Amino acid sequence: MSINEKAILEEEYERSAVPIQARKSLLSVSLVWIGFPMIITASVTGAAIVTSLGFWQGMLAILLGNLILFGYVGLLGILATKKGYNFSLQSAITFGRKGSMIVSGLLSTLVIGWFAVQTGLTGSSMNQAFGSNFFLITLIAGVLYIGVTLVGVKALTYIGAISAPFFFIFGLWAVGDAVSAGGWSSITSFAGNNTLSLGIAVTMVVSLFIDSGTLTGDFNRWSKNTKESIIATGTAFPFANMTAMVFGGLIAAAASQNADLFQYIAAKGGAISLIAVLLLFLNLGSVCSHCLYNGAVGWSSLLGKKMRTTAFVLGVIGIIIALSGAWNHFITWLNLLGIIVPPIGAIIIIDQMFIRKNADISESFRSQPFVAWFIGSLAGLVTEFYAPFLSTAFAAMIVGGAAYALLSRKTASAGEIRNAG
């Protein structure tokens, strides 16, 4: 690689810790995070929640979900910062070297599904707003998003620096326009159609970023210290994600229906429509490049390949999935993530922050985390069918972590008895 290439394409440390001298500034890591959840998809989710629950209860669900994400992602980020490990290496401490191949492989695959959903949403949104060809726009968008990802974590910083302010400014304008038309009193009194429970709504908020949130090590390993890691996480949850969801919720309440922020701006016509298109591509390009980066870092670590080569292959697969119409399964996708992903992060937190504080990658396979993962996911599934008023994601998270703590204590007690004998 030439000197000029090295200046653009930095070392990504796919299979080793990021050394202290290579760590990024607080601003850089914060820009990586803030450009991730301040997106149109979050505003769509916020609009759907408020449309169902009404204004005040919808805002409560958005707040609770974001606080859960902040605690969950923040703790995982602290652990990643201390060792400089990406998620694949981080999970190998808890699940073992071979065990992490299952966990990291699953999450790195799921996040490519998320890349596909967002890429498909680009084509779908353009088709709905302007009648554009879904397949052509999706293909163009996917190629552009792959190109951004190939530059690496540096590109995530740059696109976040552009996308987040752009979204905030025009989102604020759209909200102001909607509020002036509907009035605050009608917005705050909006009752919704009661098609969701509070628990399901909270799960939707959490599930929106639970996959990449669990993979936070891929981003927070670049932080210089734990304080900066927490601050960077805070720019995403609750600030960026909640801002986007509140924008969507306000517009939905003002319009008295599930209104899409992009569609609302695009419908204004003229030059505003062109701005809406730029917003769409910048915004979804940000989340897609982040997701593809997560998947590429995970699979490159597992396969012993370079991140950029892996990103290209996974990106092509993601485009094919997007063209198949993955966007139509958006809510189903969130429900799936809310059941199987939260226990993974909770188990890692309990293990590395409380039970084995100084542990590192030393074992090939550890069975207790997998048993706890199964128990946590089962609890999420039971909640989904028998207690829908509760949050599936939160239940799976708490039960999975608690199950691991109990299993570890039982294993430790059994070891003490053997040693005493």
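Owing to the predicted nature of the structure, the values given are computational and were not obtained by experimental measurement. Note that the numbering runs from 1 along the sequence shown for the chain.
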### Task
Among T216, D218, D211, find the one that has a side chain to side chain donor-acceptor pair (under 3.5 Å) with N294.
D218

### Task
For F394, look at atom CZ and say whether over 12 heavy atoms of other residues, nucleotides or ligands are found less than 6.0 Å away.
no

### Query
Are W114 and V287 close enough, and set up right, to give a side chain to side chain contact (heavy atoms under 4.5 Å, CB included), and what steps lead you there?
CA-CA 9 Å; W114 197 232; V287 69; 4.3 Å; yes

### Message
For the CD atom of Q352 and the CD atom of Q90, what is their distance to the nearest 0.5 Å?
### Response
5.5 Å

### Message
If we check side chain to side chain donor-acceptor pair (under 3.5 Å) with N220, which of these qualifies: T81, T226, T233, N86?
### Response
T233

### Query
In this structure, are over 12 heavy atoms from other groups packed under 6.0 Å from K83 atom NZ?
yes

### Message
Which heavy atom of V29 sits nearest to which heavy atom of S223, and what is that distance?
### Response
CG1-OG, 3.5 Å

### Message
According to salt bridge (charged side-chain N to carboxylate O under 4.0 Å, His left out), who are the partners of D351, at least two apart in sequence or on a separate chain?
### Response
R356

### Query
Would you call the rings of Y145 and F115 parallel, tilted or perpendicular if under 30° counts as parallel and over 60° as perpendicular?
perpendicular

### Query
Can you say whether the rings of Y293 and F219 are parallel (under 30°), tilted (30 to 60°) or perpendicular (over 60°)?
parallel

#### Entry: Residue pair I339 / A396: nearest heavy atoms and the distance that separates them
O-CB, 3.8 Å

### Query
Are T310 and S300 close enough that a side-chain donor and a side-chain acceptor fall under 3.5 Å?
no

### Query
Can you list the steps and then say if Y404 with Q368 is a side chain to side chain contact (heavy atoms under 4.5 Å, CB included)?
CA-CA 7 Å; Y404 178 74; Q368 297 100 323; 4.1 Å; yes

### Task
Examine distances only and state if a side-chain atom of E14 and a backbone atom of M307 form a donor-acceptor pair shorter than 3.5 Å.
yes

### Message
If you count every heavy atom of other residues, nucleotides or ligands that lies below 6.0 Å from F166 atom CZ, does the total exceed 12?
### Response
yes

### Message
Quiz question: by atom type and distance under 3.5 Å, do the side chains of T195 and S52 form a donor-acceptor pair?
### Response
yes

### Task
Looking only at non-hydrogen atoms, find the nearest pair between P342 and I210 and report the distance.
CG-CG1, 3.8 Å

### Query
Which pairs pass ring-ring contact (aromatic ring centres under 6.0 Å, His included) with one or both residues in residues 53-111, sequence neighbours excluded?
F95-F370

#### Entry: Distance-only donor-acceptor check, side chains S391 and T203, under 3.5 Å
yes

#### Entry: Distance-only donor-acceptor check, side chains S124 and Q128, under 3.5 Å
yes

### Query
Of the non-hydrogen atoms in E12 and V151, which two are nearest, and what is the gap between them?
OE2-O, 4.3 Å

### Message
Atom CZ of residue position F374 - does it have more than 12 heavy atoms of other residues, nucleotides or ligands inside 6.0 Å?
### Response
no

### Task
Give the C-alpha distance, both sets of side-chain angles, the deciding distance and a yes or no for side chain to side chain contact (heavy atoms under 4.5 Å, CB included) between F281 and I137.
CA-CA 10 Å; F281 276 84; I137 296 298; 3.9 Å; yes

### Query
How many angstroms lie between atom CG of L156 and atom OG of S28, to the nearest 0.5 angstrom?
11.0 Å

### Message
Looking at every heavy atom in both R23 and G84, which two are closest together, and how far apart are they?
### Response
NH2-CA, 3.4 Å

### Closest contact, heavy atoms only, V73 versus W33
CG1-CZ2, 3.9 Å

### Message
Looking at L282, is its backbone amide N or carbonyl O close enough to the side chain of S286 to form a donor-acceptor pair, meaning the two atoms are under 3.5 Å apart?
### Response
no

